[in-house]
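Just so you know, residue 1 is the first one in the sequence shown, and it goes up from there.
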Amino acid sequence: MIEDTMTLLSLLGRIMRYFLLRPETLFLLCISLALWSYFFHTDEVKTIVKSSRDAVKMVKGKVAEMMQNERFGGLDVLDAEFSKTWEFKTHNVAVYSIQGRRDHMEDRFEVLADTVNKTHPSIFGVFDGHGGEAAADFAKTRLPEALRQQLLIYERERERDREKDREKTDRKERSGLSYPSILEQQILNVDREMLDKLSASYNEAGTTCLVALLSDKELTVANVGDSRGVLCDKNGNAVPLSHDHKPYQLKERKRIKKAGGFISFNGSWRVQGILAMSRSLGDYPLKNLNVVIPDPDIMSFDLDKLQPQFMILASDGLWDTFSNEEAVRYIRERLDEPHFGAKSIVLQSFYRGCPDNITVMVVKFKGKAGEH
């Protein structure tokens, strides 16, 4: 009898979560209540429908109360949606980040934009941790600042060389110093520092790393893991800024096998049956086996050619429920919102059933939110 009751309650919880809380259902409920109030003139309903916001709050409040009393599948709607919610906004950048249905918030992000001297590239980063928060925290704290310091040195040296002798500048550029080389060097440096620190305390945490450097003419994106970036060009087309590092990919599978490792399916394809990505920062036990590596893929884009409207940098929580093309269309229709659509798409991903932390960063380009 008790099992039957729990099964019924579980079913009711799923109906509440996946049907009653959908935006279109809430909208229809508001319309229905408004019509009821008009035809029957009940004071109670008039009070409820004095605004659509009140009606929505009423329904969500009742569901949240039920979920507080009975956790269906270990999920609490109120906690899931609002615990560890972070947001960030400047004139051309907006970020919205929620814990979602996970027990812990392991996503991190960083924005370092030089609004005074615009000759220096802005730095944008998204870090999706796993196995704890330590690796994502370390990457967020260390990498953007290390990049900024190295870029300042590089820009000063390049300017000094320009003033002295054009030949020296040519020689420096031929030597391999560039945004891609700086990104790669600093990401690998931070991974080594992270491994030294975390392995000393036997902390097995790891993190993805998605970092973009934005200057007036060029966008350079480095990726390690399965966080993902996508750009909307002048025609509204989705242009991938990165490619996920997954164990089932032929190149990654061959590399893992050559290192003596294996992949197996456990809900998803995993390295050594553990990690659902083939590259990361941290993860020292798998790094010791050389089956997981920190090497970034780096791509550069000519802004004059693309004339982009905006770019999206997001943890894989978003990409569980949105394709690149769908995300670009969704944000493009909501660029005039206070968070440039970042908050809307995060909540939509949650309502579609995303089980993960969700972090979305939207960066507008020139002509869409003032000058970068």
Side-chain angles (χ1 to χ4, degrees), residues 23 53 81-82 84-100 105 107-115 118 121-128 140 144 208 210-221 223 227-242 301 303-304 306-352 354 356-372:
R53 181 177 297 177
E81 188 168 359
F82 298 108
K84 285 286 182 76
T85 297
W86 299 326
E87 52 188 289
F88 174 88
K89 174 75 183 300
T90 67
H91 74 286
N92 73 320
V93 185
V95 187
Y96 203 77
S97 180
I98 65 170
Q99 180 172 326
M105 180 52 157
D107 279 6
R108 298 291 187 271
F109 66 87
E110 185 62 281
V111 176
L112 292 181
D114 192 340
T115 57
K118 296 181 181 180
S122 295
I123 302 169
F124 309 98
V126 171
F127 311 96
D128 181 357
K140 166 193 159 44
T208 70
L210 178 65
V211 178
L213 301 183
L214 178 60
S215 62
D216 285 338
K217 301 291 186 181
E218 185 179 11
L219 172 66
T220 308
V221 181
N223 179 58
S227 292
R228 189 188 307 169
V230 61
L231 175 145
C232 177
D233 70 10
K234 60 183 177 182
N235 298 317
N237 299 315
V239 178
L241 299 179
S242 67
F301 303 86
L303 298 182
D304 288 337
L306 290 172
Q307 297 181 34
Q309 300 179 45
F310 60 88
M311 70 174 173
I312 305 168
L313 305 179
S315 59
D316 72 319
L318 176 70
W319 310 115
D320 287 340
T321 56
F322 278 84
S323 68
N324 286 1
E325 293 74 18
E326 188 181 7
V328 164
R329 286 196 303 271
Y330 194 94
I331 293 296
R332 194 180 183 201
E333 294 171 357
R334 293 164 175 81
L335 277 176
D336 293 332
E337 292 182 358
H339 289 82
F340 309 150
K343 181 175 182 178
S344 292
I345 200 171
V346 164
L347 296 180
Q348 182 63 28
S349 181
F350 176 83
Y351 291 136
R352 289 184 180 187
C354 173
D356 205 349
N357 304 148
I358 313 169
T359 297
V360 174
M361 179 184 298
V362 176
V363 181
K364 281 188 176 182
F365 291 94
K366 293 178 180 179
K368 287 292 176 184
E371 296 294 311
H372 162 66

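- Here the CG atom belonging to Leu347 is positioned 6.0 Å from the CD1 atom belonging to Ile98, to the nearest 0.5 angstrom.
- Judged as a side-chain hydrogen bond (donor to acceptor under 3.5 Å, both in side chains), and not counting sequence neighbours, Glu333 has no contacts.
- Considering only heavy atoms from C-beta on, Lys217 stays 4.5 Å or farther from Leu303 through its side chain.
- In plain terms, the two heavy atoms of Met361 and Glu110 that are nearest each other are CE-O, 3.8 Å.
- To the nearest 0.5 Å, the span separating CZ on Phe301 from CD on Glu218 amounts to 10.0 Å.
- By the side-chain hydrogen bond (donor to acceptor under 3.5 Å, both in side chains) test, Ser242 is found to be paired with no residue, residues two or more places apart in sequence or in another chain being considered.
- Ring centroids of Tyr330 and Phe322 are separated by less than 6.0 Å, placing the two rings close together.
- Residues Val328 and Phe310 meet the side-chain proximity criterion, which asks for heavy atoms closer than 4.5 Å.
- Residue His91 holds its NE2 atom at 10.5 Å from NZ of Lys89, rounded to the nearest 0.5 Å.
- Note that NZ of Lys343 and CD of Glu337 are 9.5 Å apart. Values are rounded to the nearest 0.5 Å.
- Between Val360 and Ala314, the shortest heavy-atom contact is CG2-CB, 4.0 Å.
- With contacts defined as side-chain heavy-atom distances shorter than 4.5 Å, the pair Thr359/Asn357 does not qualify.
- Considering CE of Met311 and CG of Leu306, their distance stands at 12.0 Å, rounded to 0.5 Å.
- Note that CD of Glu326 and CD1 of Ile331 are 11.0 Å apart. Values are rounded to the nearest 0.5 Å.
- When side chains are defined from C-beta on, His339 does not count as touching Val362, because their heavy atoms never get closer than 4.5 Å.
- Of all heavy-atom pairs spanning Ala94 and Phe340, the tightest one is CB-CD1, 3.6 Å.
- In this structure, the side chains of Leu210 and Phe124 stay at 4.5 Å or more apart for every pair of heavy atoms.
- Residues Asn92 and Val363 form a side-chain contact, since some pair of their non-hydrogen atoms from C-beta on lies under 4.5 Å apart.
- Using modelled atom types, one side-chain atom of Lys364 and one backbone atom of Leu335 make a donor-acceptor pair closer than 3.5 Å.
- Side-chain contact between Leu213 and Ile123 is present, with heavy atoms from C-beta onward closer than 4.5 Å.
- Side-chain contact check for Phe88 versus Phe109: some heavy-atom pair is nearer than 4.5 Å.
- Scanning both residues, Cys354 and Gly317, for their nearest heavy atoms gives SG-O, 3.1 Å.
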For residues 227-241, which side-chain donor-acceptor pairs fall under 3.5 Å, sequence neighbours excluded?
| residue | atom | partner | partner atom | Å |
| --- | --- | --- | --- | --- |
| Ser227 | OG | Thr208 | OG1 | 2.8 |
| Arg228 | NE | Asp244 | OD1 | 3.3 |
| Arg228 | NH1 | Asn324 | OD1 | 3.0 |
| Arg228 | NH2 | Asp244 | OD2 | 2.8 |
| Asp233 | OD1 | Asn235 | N | 2.9 |
| Asp233 | OD1 | Gly236 | N | 3.0 |
| Asp233 | OD1 | Asn237 | N | 2.8 |
| Asp233 | OD2 | Asn237 | ND2 | 3.4 |

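- Checked by atom type and distance alone, the side chain of Arg352 pairs as donor or acceptor with a backbone atom of Thr321 at under 3.5 Å.
- There is a side-chain donor-acceptor pair under 3.5 Å between Ser315 and Asp107.
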